[in-house]
Amino acid sequence: MSSRDSGTRTRKAPSERRHEIVGTAARVGLTEGLECVTLRRVADALGVQPGLVSHYFPAADTLVAEAFTSATRAELDGLLPEGPPGPGHETPLSTLRRFFHLIASTEFDNVSKLWLNARHLSRYRPVLRDHVIEAETLWCRRIEQLIATGTDAGLFHCADPRAAAIRVLVAIDGISVYINSSADTRTAPIADLARTVAERELGLATGALAAS
């Protein structure tokens, strides 16, 4: 008898079990790649039978897509929390400084690799493609809202926050193409590309969005 069959297992609520499956699939996708997100691989990570995973996700492509969304949504919420900052909290300017500092670090390398992985696979997987498009739209909306808030407050000078947000995202995505390259390739002159693009788009002095 395998270890996954031994012992007493507490039955979990369907919503809790589904959340657990998606979270585990997201971790597999981040560390091993979305191609490794299979019903059996996720079941092994959870210590359950594949049939339990397939009960919630009869199609593996759906689990892959939701794993991608779970991982990238957690990243977005950590980097650019939804809603305007409250009194005494970060300003749009300080939020963007923190944002560019974090995305330039190695902390988010696995998520950058996940985005690159998902964009490639989405050519062949329609469900994943829909999730990628939805995630891209959400990212653009968050950055646009932040730019608009900063512009209204007089911190930025931007006539078209949406267009600026798109150009900033294009710069970020362009850098991520090199995520699997050597460290030397990923440093100067591209390391600060996204930040400097944002500074130009927002009418800021060079270095205004650099971490202090």
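FYI, the numbering just counts along the sequence from 1. Here the structure is a predicted model, which means the values were calculated and not measured.
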Original post:
Do Phe57 and Val22 pass the side chain to side chain contact (heavy atoms under 4.5 Å, CB included) test, and can you show the C-alpha distance, the side-chain angles, and the key distance before you say yes or no?
Top reply: CA-CA 10 Å; Phe57 292 94; Val22 172; 3.5 Å; yes
Original post:
Any side-chain heavy atom of Val64 within less than 4.5 Å of one from His131?
Top reply: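 Contact flag for Val64/His131 side chains = no.
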Which value, rounded to the nearest 0.5 Å, describes the distance between [X] atom [atom1] and [Y] atom [atom2]?
X: Leu52; Y: Ile21; atom1: CG; atom2: CD1; result: 5.0 Å
X: Leu30; Y: Asp109; atom1: CG; atom2: CG; result: 11.5 Å
X: Cys140; Y: Arg162; atom1: SG; atom2: CZ; result: 4.5 Å
X: Leu114; Y: Leu121; atom1: CG; atom2: CG; result: 9.5 Å
X: Ile172; Y: Arg195; atom1: CD1; atom2: CZ; result: 12.5 Å
X: Leu80; Y: Thr95; atom1: CG; atom2: OG1; result: 7.5 Å

**OP:** Tell me whether Val132 is reachable from Leu169 by hopping between hydrophobic residues (I, L, V, M, F, W, Y) whose side-chain heavy atoms are closer than 4.5 Å.
**Re:**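 Same cluster.
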**OP:** Check whether Ile175 and Ile166 end up in the same hydrophobic cluster, where Ile, Leu, Val, Met, Phe, Trp and Tyr are linked by side-chain heavy atoms less than 4.5 Å apart.
**Re:**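 No, Ile175 does not connect to Ile166 through the hydrophobic network.
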Original post:
If you count the non-hydrogen atoms of other residues, nucleotides and ligands that lie under 6.0 Å from CZ in Arg98, is the total more than 12?
Top reply: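 Atom CZ in Arg98 is packed in, count exceeds 12.
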Subject >> Crowding at CD, Glu134 (>12 non-hydrogen neighbours, <6.0 Å) >> reply: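 Counting neighbours around CD of Glu134, 12 or fewer heavy atoms of other residues, nucleotides or ligands fall under 6.0 Å, so no.
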Subject >> Sidechain N-carboxylate O distance under 4.0 Å for Glu20, Arg17 >> reply: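 A salt bridge is present here (some side-chain N lies under 4.0 Å from a carboxylate O).
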Original post:
Are Arg142 and Asp77 ion-paired here, with the side-chain N under 4.0 Å from a carboxylate O?
Top reply: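 A salt bridge links Arg142 with Asp77.
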Looking only at heavy atoms, what is the nearest atom pair of [X] and [Y], with distance?
X: Ser176; Y: Leu116; value: O-CD2, 4.0 Å
X: Phe156; Y: Leu146; value: CE1-O, 3.9 Å
X: Thr62; Y: Val127; value: CA-CG1, 4.3 Å
X: Ala25; Y: Leu63; value: CB-CD1, 3.7 Å
X: Val28; Y: Cys36; value: CG1-O, 3.7 Å
X: Phe100; Y: Ala198; value: CZ-CB, 3.4 Å

Does any N or O in the side chain of [X] come within less than 3.5 Å of the main-chain N or O of [Y], such that one atom is a donor and the other an acceptor?
X: Ser94; Y: Glu90; value: no
X: Thr38; Y: Arg41; value: yes
X: Ser70; Y: Ala67; value: no
X: Arg18; Y: Ala13; value: no
X: Glu199; Y: Leu209; value: yes
X: Glu107; Y: Leu102; value: no
X: Ser122; Y: Arg119; value: yes
X: Asn117; Y: Gly33; value: no

**OP:** Could you label the plane-to-plane angle of the Trp115 and Trp139 rings as parallel, tilted or perpendicular, counting under 30° as parallel and over 60° as perpendicular?
**Re:**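 Trp115 vs Trp139 ring planes: perpendicular.
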